[in-house]
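Here is the structure we will look at.
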2 protein chains.
Amino acid sequence: MKIEIKDLIQDGPKYVLPNISVDSVIFGYHEKELKVLLQRPQGISKWMLPGGYVHRDETIKQAAERVVKNRTGLDRLFLNQFQSFGTPTRTKDSELTPALFAEINQMELDENHWMFDYFVSIGFYSLTEFSKVVPSGEFYLEECTWWNIGDLPSLLYDHQEIIEAALKALRLHIYHYPIGYELLPEKFTLPEIHSLYETILDKTFDSRNFGKKLIATGIIKKLDERRNIGAHRAPFLYVFDMENYNQALENGYALFV
Amino acid sequence: MKIEIKDLIQDGPKYVLPNISVDSVIFGYHEKELKVLLQRPQGISKWMLPGGYVHRDETIKQAAERVVKNRTGLDRLFLNQFQSFGTPTRTKDSELTPALFAEINQMELDENHWMFDYFVSIGFYSLTEFSKVVPSGEFYLEECTWWNIGDLPSLLYDHQEIIEAALKALRLHIYHYPIGYELLPEKFTLPEIHSLYETILDKTFDSRNFGKKLIATGIIKKLDERRNIGAHRAPFLYVFDMENYNQALENGYALFV
DNA sequence: TCCTAATACGTTATAATTACGGAATAAATA
DNA sequence: TATTTATTCCGTAATTATAACGTATTAGGA
């Protein structure tokens with residue numbers, strides 16, 4: 001169900017749950033850089049996470065999926081709830097006031113408008129294949145682009161804190177569950193998946209030991225093909241063994257200690 | 001701030017956030033059994049987790065602390081947010097209907113009463129020292145007691161699922177962070193903390209190796225005292241080294257692989 | 001043909017973990 | 001007083017996992 005923005009502003013709680021939002025930290029991986037998708041609303045200098053309200057007929061996870069799909073176009077997602085944020089003042093900001101919001105939307109709205117109330121936000125993070133994503137905003141957004149994780153702009157509300165918590169959760173996740181299926185092409189090389197892990201964890205691993213351990217887990221299978229990478233020895237291609245991969249997602253495993 | 005129940009039922013959203021609740025899984029440990037504190041409302045056959053609403057001037061964590069304090073009397077708590085639950089139908093129950101609720105409270109209230117709307121619940125779990133707790137209900141509760149984790153009664157809503165998720169989160173937590181400070185007496189023996197870990201993880205550990213490893217982490221210190229346990233060799237007493245313990249809470253550590 | 005930079009494969013040294021033998025101890029019992 | 005029993009406590013050997021590193025292979029380019 002698509003809700004008209006004017007209706008939403010005026011009668012929000014008729015369509016969505018008041019005082020609850022979902023915010024998504026969308027991670028992308030590209031050329032050995034970990035990135036986050038951020039958006040900037042009209043008339044505001046600060047950036048924020050893609051977020052939205054929960055429709056009365058959907059689950060919180062479906063709400064997060066809808067938000068991510070609107071920004072990335074992707075719906076086959078690795079999506080993970082990691083933490084909820086609830087402090088009475090977390091969405092107060094001196095720049096983004098009800099008055100400014102009213103002016104931008106050319107409407108009258110009072111100080112206690114429902115959108116400026118105490119909001120508890122459920123945080124999700126997702127990992128997406130950077131190259132498949134077409135960042136797209138909505139009419140109320142001026143920009144929607146990727147930012148390197150190490151070089152973020154000034155953020156609205158407590159969104160800096162949310163990103164940090166998401167990154168921490170992602171890194172903890174990697175120690176127990178495999179990743180890569182959503183981030184790498186179907187066929188990939190050992191150095192590619194090696195770089196992926198190094199980038200996300202911001203650590204280096206001995207490539208010889210890394211490959212040995214990863215193969216030992218059984219989650220990847222070697223193919224009888226190589227990829228031509230130009231002026232160097234052609235590396236073998238691998239694919240994920242989805243049976244073992246999914247089992248590791250279910251039961252967990254330890255790739256590093 | 002204490003809110004009168006009649007006011008809450010009639011004008012809830014004036015005092016608390018609508019559509020949001022906090023539910024607490026309160027774990028207790030006693031005689032090698034892991035227990036959960038549950039309550040049963042008047043006129044209902046099913047049991048439920050202690051839960052409550054979020055006051056407009058408190059954080060979600062403070063709300064959870066208030067709930068736990070009301071049920072256990074304890075305020076020095078190990079309290080951990082682990083997951084939020086949000087499905088439109090999660091708080092529909094054929095037994096606990098608005099009509100029954102109205103009858104119990106001797107009030108008129110319609111089908112769409114705010115308390116029976118779609119609620120998103122933020123789940124917290126806490127570990128408490130069983131012996132210090134005095135389970136106490138409120139006037140609308142008929143019972144409030146401990147249940148063994150392996151032998152739970154029939155539960156209201158999705159509370160069975162919430163308990164399972166809490167236990168999973170607790171067990172994952174133990175692999176990375178120390179526990180015991182809230183659960184054991186100030187001075188405890190190696191066999192005592194050994195049993196605690198075995199009970200919570202539902203696994204056995206070699207007592208000789210367990211002790212060696214735990215001492216090696218530096219989070220406990222041996223005293224020059226023994227505890228008289230009757231007909232057997234008196235075990236040495238230990239205390240937590242709070243500096244190392246808190247550092248392990250901050251940075252994490254691996255006691256088991 | 002040789003050089004360079006990357007992948008691929010293997011071996012060894014070190015560290016961590018697990019398994020287990022057996023002494024010490026406190027109190028009840030014969 | 002000696003024996004039994006259940007438990008704590010200390011140490012060591014065997015096994016396994018991890019980390020460190022050496023070197024062969026291979027593609028393109030100088």
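Below, read A as the first sequence line, B as the second, and so on, with proteins coming before strands; counting in each chain starts at 1.
Rounded to whole Å, atom C1' of dT25(D) lies 11 Å from atom CZ of F236(A). Rounded to an integer number of Å, the gap from E192(A) CD to dA8(C) P is 11 Å. Here the C1' atom of nucleotide dA8(C) and the CG atom of L190(A) are 9 Å apart, to the nearest Å. Taking atom CG of residue L255(B) and atom C1' of nucleotide dT17(C), one finds them 12 Å apart after rounding to whole Å. Atom CZ in R227(B) sits about 16 Å away from atom P in dT7(D), given to the nearest Å. The CD1-P distance, from I229(B) to dA6(D), rounds to 13 Å in whole Å. Per the geometry, CG belonging to L237(A) stands 13 Å off P belonging to dT7(C), to the nearest Å. Rounding to whole angstrom units, CG of residue L214(B) and P of dC9(D) are separated by 13 Å.
For CZ of F78(B), the number of neighbouring non-hydrogen atoms (other residues, nucleotides, ligands) closer than 6.0 Å is greater than 12.
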- Task: Report, as a single string ordered 5' to 3', how protein heavy atoms within less than 4.0 Å touch nucleotides 20-30 of chain C: B base, S sugar-phosphate only, - not at all.
- Result: BBBBBBBS---

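Taking a pair as Watson-Crick or G-U with both hydrogen-bonding distances under 3.5 Å, the stems of three or more pairs touching DNA chain D are C:1-30 with D:1-30.
What you find for S136(A) and C144(A) is that their closest heavy atoms are O-SG, 4.0 Å. Residues L49(B) and Q39(B) come closest through the heavy atom pair O-NE2, 3.8 Å.
Within the 4.0 Å cut-off from OP1 or OP2 of dA17(D), not a single side-chain nitrogen or oxygen of K213(A) is found.
Scanning for side chain to side chain contact (heavy atoms under 4.5 Å, CB included) contacts around T87(A) gives R90(A), T59(B), with sequence neighbours left out.
Here F210(A) and Y197(A) bring their ring centres to under 6.0 angstrom of each other.
Of the possible donor and acceptor atoms, one in the side chain of Q81(A) sits under 3.5 Å from a partner among the backbone N and O of S84(B). Using a distance-only test at 3.5 Å, with no hydrogens or angles considered, a donor-acceptor pair links the side chain of R40(A) to the main chain of I44(A).
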- Message: I'd like to know whether E164(A) forms a side-chain hydrogen bond (donor to acceptor under 3.5 Å, both in side chains) with Q160(A), so could you lay out the CA-CA distance, the side-chain angles of the two residues, the decisive distance to 0.1 Å, and finally the verdict.
- Response: CA-CA 6 Å; E164(A) 280 162 19; Q160(A) 173 84 36; 3.0 Å; yes

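In this structure the side chain of E143(A) reaches within 4.5 angstrom of the side chain of W47(A), judged on heavy atoms.
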